[in-house]
**Q** 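Take this structure first; my questions come after.
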Amino acid sequence: MITTAKRLDTVEEYYFSSKLREVRQLMSEGKSIINMGIGSPDLSPSKAVIEAVAAAIQDENGHGYQSYQGLPEMRQAMADFYRDQFGVEVNPNNEILPLMGSKEGIMHISLAFLNEGDHVLIPNPGYPTYTSVTNLVQAVPVYYDLKEENGWEPDFEALEKLDLSKVKIMWLGYPHMPTGARGSLALFEKLVAFAKKHNILLINDNPYSFVLNDNPMSLLQVEGAKEVALELNSLSKTFNMAGWRVGMVLGNHEIIDAVLKVKSNMDSGMYYGIQKGAIAALKCDKTWFEDQNKIYRRRRELTEKLAEKLNCKVYKEGVGLFVWAKLPEGIESAEKFIDEILYEKHIFITPGTIFGSNGEGYIRFSLCVKEEKVQEAIDRF
């Protein structure tokens with residue numbers, strides 16, 4: 001019998017991969033499932049994006065291998081986007097690396113900078129992939145608490161008490177997933193200072209800035225951030241292009257070069273037509289964000305009503321693609337709570353526990369559900 005690598009003993013199948021199989025089984029049995037679990041936008045990209053891809057398909061030179069660094073025009077569009085939206089100047093020639101989704105960037109960065117036994121600071125609650133990738137590269141996850149009483153922001157006194165001697169990377173993501181906490185420039189300044197003090201590579205995962213958020217921010221707005229920081233971003237949520245797999249990592253050229261060394265050995269470039277579509281998306285004007293947010297605002301209002309119907313307390317300050325809500329007193333297990341709803345009311349909601357132990361007692365609703373379906377979910381109660 002062929003045995004698997006020992007590294008697989010450190011990870012489990014991604015929660016949504018296994019849970020959605022369960023959901024599909026219920027659907028095959030004739031159950032009408034309303035999926036409020038996963039943050040995969042159901043809205044379409046702009047017309048300009050579709051037209052750009054359609055035109056690119058006809059380009060006879062567009063079907064070969066592409067540059068590992070992407071088209072120069074796409075890197076320029078990414079640089080222009082950061083300048084126009086965040087006031088951040090980056091060199092498109094060597095401070096931006098396009099990615100096939102920012103999720104692969106988590107693996108590339110980890111492979112580029114982590115040795116076996118290095119420590120990695122990971123938010124609790126936070127994106128589960130930070131932990132799984134850390135384990136796969138045989139580094140050591142070290143969790144730092146984010147709690148509601150502290151606005152879902154790090155406690156720097158507690159951080160300073162940790163043994164930081166082996167810490168190489170610190171992951172963060174503001175606006176925060178899953179809670180929707182906005183973060184602030186003041187927080188980013190403290191994080192950059194902390195990273196410089198302890199010689200830690202700081203990485204902000206920033207795909208939610210433009211969803212229901214009137215003050216988009218970048219970690220790279222902080223003076224001197226490029227010395228110790230990278231930022232991941234994505235077109236998945238902002239431009240409804242989750243399945244296209246277009247992301248980017250930005251930072252100083254020496255760090256980007258290290259990530260490129262890994263990436264260039266992992267793939268052979270992004271399809272030309274997708275890059276052309278990404279360029280068109282990045283050129284969308286402010287009306288695009290306004291129109292998207294009108295839809296998400298109505299959905300959020302309805303979703304909050306659903307949460308309150310379940311006697312949950314909504315985190316009203318949250319932005320982004322999700323509604324984070326605290327379970328009623330006396331509920332001991334978020335997973336048991338959502339399973340009862342799945343099997344009795346045929347509505348799938350995400351338990352906060354998949355994001356870490358500090359997610360116990362909370363659930364997360366996706367806004368990637370049409371208004372009439374959210375209303376139907378409300379009516380089922």
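The first residue in the sequence is number 1, and the count goes up from there.
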**Q** Checking Tyr208 against Asn213: is there a side-chain donor and acceptor pair closer than 3.5 Å?
**A**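 No, no side-chain donor-acceptor contact under 3.5 Å.
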
**Q** With the threshold set at 4.0 Å, does a side-chain nitrogen-carboxylate oxygen contact exist between Arg182 and Glu317?
**A** no

**Q** For residues Leu99 and Tyr130: do they belong to one hydrophobic cluster (side chain heavy atoms under 4.5 Å, members Ile, Leu, Val, Met, Phe, Trp, Tyr)?
**A** yes

**Q** Please lay out, stage by stage, how Gln292 and Asn240 fare under the test side-chain hydrogen bond (donor to acceptor under 3.5 Å, both in side chains).
**A** CA-CA 10 Å; Gln292 297 298 297; Asn240 303 328; 2.8 Å; yes

**Q** Does either side chain, that of Asn233 or that of Tyr82, offer a donor lying less than 3.5 Å from an acceptor on the other one?
**A** yes

**Q** Salt bridge or not between Glu340 and Lys345? Use side-chain N to carboxylate O under 4.0 Å.
**A** no

**Q** Would you say Met78 and Tyr68 are hydrophobically clustered, going by side-chain heavy atoms of ILVMFWY under 4.5 Å?
**A**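 No, because Met78 and Tyr68 fall into different hydrophobic clusters, even though each may have its own neighbours under 4.5 Å.
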
**Q** For the pair Asn150 (side chain) and Pro154 (backbone), establish whether a donor and an acceptor sit closer than 3.5 Å, ignoring hydrogens and angles.
**A**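 Checking the backbone N and O of Pro154 against the side chain of Asn150, a donor-acceptor pair under 3.5 Å is found.
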
**Q** Do other residues, nucleotides or ligands put more than 12 heavy atoms under 6.0 Å from Lys31 NZ?
**A**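 Correct, the count exceeds 12.
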
**Q** Hey, are His198 and Glu160 close enough side-chain-wise for a donor-acceptor pair under 3.5 Å?
**A** yes

**Q** Are the aromatic rings of Tyr362 and Trp152 close, with centres under 6.0 Å apart?
**A** yes

**Q** Could you walk me through whether Thr353 and Glu335 pass the side-chain hydrogen bond (donor to acceptor under 3.5 Å, both in side chains) test, one step at a time?
**A** CA-CA 7 Å; Thr353 45; Glu335 293 193 27; 3.1 Å; yes

**Q** How close do Leu146 and Glu153 get, counting heavy atoms only, and between which atoms?
**A**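 Minimum heavy-atom separation between Leu146 and Glu153: CD2-C, 3.5 Å.
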
**Q** Kindly say whether Val11 contributes a backbone atom to a donor-acceptor pair with the side chain of Asn135 at under 3.5 angstrom?
**A** no

**Q** Does a side-chain N-to-carboxylate-O contact under 4.0 Å join Arg83 and Asp80?
**A**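 Looking at Asp80 together with Arg83, the answer is yes, because their closest N to O distance falls below 4.0 Å.
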
**Q** Taking everything shown except Glu290 itself, do over 12 heavy atoms lie less than 6.0 Å from its CD?
**A**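 Above 12, so yes.
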
**Q** For a quick test of reading the model, state the closest non-hydrogen atom pair linking Gly273 to Val53 and the distance between them.
**A**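 In terms of heavy atoms, the two residues are closest at O-CG2, 3.4 Å.
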
**Q** Starting at NZ of Lys261, measure out to CG of Asn265 and round the result to the nearest 0.5 Å.
**A**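 One gets 10.5 Å once the value is rounded to the nearest 0.5 Å.
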
**Q** Mind checking whether Phe86 and Phe210 have parallel, tilted or perpendicular rings, split at 30° and 60°?
**A**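 Ring orientation, 0 to 90° scale: tilted.
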
**Q** Is it the case that atom NZ in Lys326 sees more than 12 heavy atoms from other parts of the structure closer than 6.0 Å?
**A**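 Counting neighbours around NZ of Lys326, 12 or fewer heavy atoms of other residues, nucleotides or ligands fall under 6.0 Å, so no.
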
**Q** Quick check: do Tyr144 and Pro123 have side-chain heavy atoms less than 4.5 Å from each other?
**A**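 Yes - at least one pair of side-chain heavy atoms lies under 4.5 Å apart.
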
**Q** With a sphere of 6.0 Å drawn around CD of Glu329, does it hold more than 12 non-hydrogen atoms of other residues, nucleotides or ligands?
**A** no

**Q** Glu304 vs Arg300, test: salt bridge (Lys or Arg N to Asp or Glu O under 4.0 Å). Steps then yes/no.
**A** CA-CA 6 Å; Glu304 288 183 0; Arg300 182 171 179 105; 2.9 Å; yes

**Q** Ignoring hydrogens, what is the shortest heavy-atom contact between Asn358 and Pro125? Give both atom names and the distance.
**A** CB-CD, 3.6 Å

**Q** What about Leu250 and Val228, same hydrophobic cluster or not, with Ile/Leu/Val/Met/Phe/Trp/Tyr joined at side-chain heavy-atom distances under 4.5 Å?
**A**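 Hydrophobic grouping puts Leu250 apart from Val228.
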
**Q** Taking the side chain as C-beta and beyond, is there a heavy-atom pair between Glu104 and Asp267 under 4.5 Å?
**A** yes

**Q** Do Lys103 and Tyr127 touch side chain to side chain, with heavy atoms closer than 4.5 Å?
**A**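 A side-chain contact under 4.5 Å exists here.
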
**Q** I'd like to know if Glu376 pairs up with Lys373 as an ion pair, taking the criterion as any Lys NZ or Arg NE/NH1/NH2 lying under 4.0 Å from an Asp or Glu carboxylate oxygen.
**A** yes

**Q** Drop me the distance from Arg299's CZ to Met36's CE, to the nearest 0.5 angstrom.
**A**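 Going from CZ on Arg299 over to CE on Met36, the span is 9.5 Å.
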
**Q** Are the side chain of Asp205 and the backbone N or O of Tyr174 linked by a donor-acceptor pair below 3.5 Å?
**A**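 No; judged by distance alone, with no hydrogens or angles, the pair does not exist.
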
**Q** Quick one: are Met248 and Leu232 in side-chain contact, heavy atoms under 4.5 Å?
**A**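 No. Closest side-chain heavy atoms not under 4.5 Å.
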
**Q** State, with a plain yes or no, whether a side-chain heavy atom of Leu121 is found less than 4.5 Å away from one of Trp171.
**A** no

**Q** Using a 6.0 Å cut-off, check whether atom CZ of Phe381 has over 12 heavy atoms from anything other than its own residue.
**A**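 Counting neighbours around CZ of Phe381, more than 12 heavy atoms of other residues, nucleotides or ligands fall under 6.0 Å, so yes.
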
**Q** Provide the closest heavy-atom pair for Pro178 versus Phe322 in the form atom of the first, atom of the second, distance.
**A**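 Minimum heavy-atom separation between Pro178 and Phe322: O-CB, 4.3 Å.
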
**Q** Could you tell me the separation between the CG atom of Asn94 and the NE2 atom of His253, rounded to the nearest 0.5 Å?
**A** 6.0 Å

**Q** Taking Tyr65's backbone N and O only, do any of them form a donor-acceptor pair with Ser268's side chain (distance below 3.5 Å, no angle check)?
**A**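 Side chain of Ser268 to backbone of Tyr65, a donor-acceptor pair under 3.5 Å: no, none is there.
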
**Q** State yes or no: do Met266 and Ile274 share one hydrophobic cluster built from I, L, V, M, F, W and Y residues joined by side-chain heavy-atom distances below 4.5 Å, directly or via other members?
**A**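 Per the 4.5 Å side-chain linkage, Met266 and Ile274 are not co-clustered.
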
**Q** What are the two closest non-hydrogen atoms of Cys312 and Ile363, and how far apart are they?
**A** SG-CD1, 3.9 Å

**Q** With rounding to the nearest 0.5 Å, note down the distance linking OG in Ser366 to CD1 in Ile349.
**A** 11.0 Å

**Q** Okay, side chain of Arg75, backbone of Gln69: is any donor-acceptor separation there less than 3.5 Å?
**A**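 Between the backbone of Gln69 and the side chain of Arg75 there is a qualifying donor-acceptor contact (under 3.5 Å).
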
**Q** What I'd like to find out is whether the side chain of Arg380 reaches to under 4.5 Å of the side chain of Ile347, using heavy atoms alone.
**A** yes

**Q** Sub-3.5 Å donor-acceptor pair from the side chain of Ser102 to the main-chain atoms of Gly105, do we have one?
**A**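 No: the side chain of Ser102 does not pair with the backbone of Gly105.
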
**Q** Hey, are Gln25 and Glu29 close enough side-chain-wise for a donor-acceptor pair under 3.5 Å?
**A** yes

**Q** Is it true that atom CD of Glu149 has more than 12 heavy atoms of other residues, nucleotides or ligands lying nearer than 6.0 Å?
**A**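 Above 12, so yes.
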
**Q** Do Ile169 and Ile109 have side chains that get closer than 4.5 Å, going by heavy atoms?
**A** yes

**Q** Within the distance-only criterion (no hydrogens, no angle test), does the side chain of Glu231 pair as donor or acceptor with the backbone N or O of Leu219 below 3.5 angstrom?
**A**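 Judged by distance alone, yes, a pair lies under 3.5 Å.
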
**Q** Do side-chain atoms of Asn293 reach the backbone of Phe289 as a donor and acceptor pair under 3.5 angstrom?
**A**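 Confirmed, Asn293 side chain pairs with Phe289 backbone.
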
**Q** Can you tell me how far CG of Asn252 sits from CG of Asp257, rounded to the nearest 0.5 angstrom?
**A**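 Those atoms lie 9.0 Å apart.
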
**Q** Of all heavy-atom pairs between Gly37 and Arg364, which one has the smallest distance, and what is that distance?
**A** O-NH2, 2.7 Å

**Q** Do NZ/NE/NH1/NH2 and the carboxylate oxygens of Glu73 and Lys276 come within less than 4.0 Å?
**A**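 Salt bridge between Glu73 and Lys276, a charged N being under 4.0 Å from a carboxylate O: yes.
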
**Q** Is it the case that more than 12 heavy atoms not belonging to Asn199 sit under 6.0 Å from its CG atom?
**A**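 No, because the 6.0 Å sphere around CG of Asn199 holds 12 heavy atoms or fewer from other groups.
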
**Q** Using only atom types and a distance under 3.5 Å, with no angle test, would you say the side chain of Trp244 pairs donor to acceptor with the backbone of Gly277?
**A**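 No, because the side chain of Trp244 does not come within donor-acceptor range (under 3.5 Å) of the backbone of Gly277.
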
**Q** Is there a side-chain contact between Asp118 and Asn115, using heavy atoms and a 4.5 Å cut-off?
**A**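 SC-SC contact between Asp118 and Asn115 confirmed.
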
**Q** Check the surroundings of atom CZ in Arg7: do more than 12 heavy atoms from other residues, nucleotides or ligands lie under 6.0 Å from it?
**A** no

**Q** Quick one: pull up CG in Leu327 and CG in Asn311 and give me the separation to the nearest 0.5 Å.
**A** 10.5 Å

**Q** Taking only Lys NZ, Arg NE, NH1 and NH2, and the carboxylate oxygens of Asp or Glu, determine whether Asp84 and Lys286 approach each other closer than 4.0 Å.
**A**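 No.
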
**Q** Do the side chain of Lys168 and the main chain of Phe113 share a donor and acceptor less than 3.5 angstrom apart?
**A** yes

**Q** Check for me, please, whether Leu230 and Met100 land in the same ILVMFWY cluster - side-chain distances under 4.5 Å, paths through other members count.
**A**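 No; Met100 is not reachable from Leu230 via cluster members.
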
**Q** Answer yes if the side chains of Ser209 and Asn206 hold a donor-acceptor pair under 3.5 Å, and no otherwise.
**A**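 Asn206 and Ser209 do have a side-chain donor-acceptor pair below 3.5 Å.
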
**Q** Looking at Glu371 and Arg298, is any side-chain nitrogen of the basic one under 4.0 Å from a carboxylate oxygen of the acidic one?
**A**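 Between Glu371 and Arg298 there is a salt bridge, with a charged N closer than 4.0 Å to a carboxylate O.
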
**Q** For Tyr343 and Glu22, does a side-chain donor sit closer than 3.5 Å to a side-chain acceptor?
**A**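 Present: a donor and an acceptor within the cut-off.
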
